[in-house]
Amino acid sequence: MMRRCELPARDLRLLDPLFVYPSTVLGCERAIIVNLEQIRCIITADEVLLLNSFNSYVFQYAAELQRRLLQGAEGDELPFEFRALELALEAASSFLDAQLHLWVQELVP
């Protein structure tokens, strides 16, 4: 991955599940490294490399990205990287919202 995306190893540590890092979006010269709750990926100009693709939130992210790319390819002026990042932020927000609703249900008898 380091050679493919031309990223230094220290930047890829953000994606390592053994390390605990706060949510991070790191813009590099040729890629964006995303560590947002369940979504951990590397976004380049023409692809998204997903980690933990068996996680349901990650699978939903991938499916929604494919749907949006097929549906909005004609009129969308944003570059691919920004569309992928926007969806990652939406997915992380949805995950946090779902967690909040679970906690509220536990607190309210």
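In this text, all values refer to a predicted model and were calculated from it rather than measured experimentally.
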Give, for atom OG of Ser93 and atom CG of Leu36, the distance between the pair rounded to the nearest 0.5 Å. 8.5 Å
Check whether any side-chain heavy atom of Leu50 lies under 4.5 Å from a side-chain heavy atom of Phe59, and answer yes or no. no
With rounding to the nearest 0.5 angstrom, report the CG to CD1 distance, Asn35 to Ile42. 11.5 Å
Counting C-beta onward and ignoring hydrogens, is there a side-chain heavy-atom pair between Ile39 and Leu87 closer than 4.5 Å? no
Find the distance between SG (Cys41) and CD1 (Ile32) and round it off to the nearest 0.5 Å. 9.0 Å
Glu90 side, atom CD; Leu85 side, atom CG - distance, nearest 0.5 Å: 10.5 Å
Between Tyr57 and Val48, is there shared hydrophobic-cluster membership here, with clusters defined by ILVMFWY side-chain heavy atoms closer than 4.5 Å? no
For a 4.5 angstrom cut-off between non-hydrogen side-chain atoms, does Thr24 reach Ile33? no
Reported CG-to-CD distance for the pair Leu51 and Gln38, which is rounded to 0.5 angstrom: 12.5 Å
Answer with yes or no whether the hydrophobic clustering places Leu49 together with Leu12; edges join I, L, V, M, F, W, Y residues whose side-chain heavy atoms lie under 4.5 Å apart. yes
To the closest 0.5 Å, what do you measure between OG (Ser23) and CZ (Arg40)? 9.0 Å
Is any NZ, NE, NH1 or NH2 atom of the basic residue among Glu86 and Arg83 found under 4.0 Å from an Asp or Glu carboxylate oxygen of the other? no
Would you say Val25 ends up clustered with Leu65 if hydrophobic residues are merged whenever their side chains have heavy atoms under 4.5 Å apart, either directly or through other cluster members? yes
Is Arg67 atom CZ crowded by more than 12 heavy atoms from other residues, nucleotides or ligands, each under 6.0 Å away? yes
Is the backbone N or O of Ala84 less than 3.5 Å from a side-chain atom of Tyr61, with the two atoms forming a donor-acceptor pair by type? yes
When you compare the side chain of Val104 with that of Leu100, does any pair of heavy atoms fall below 4.5 Å? yes
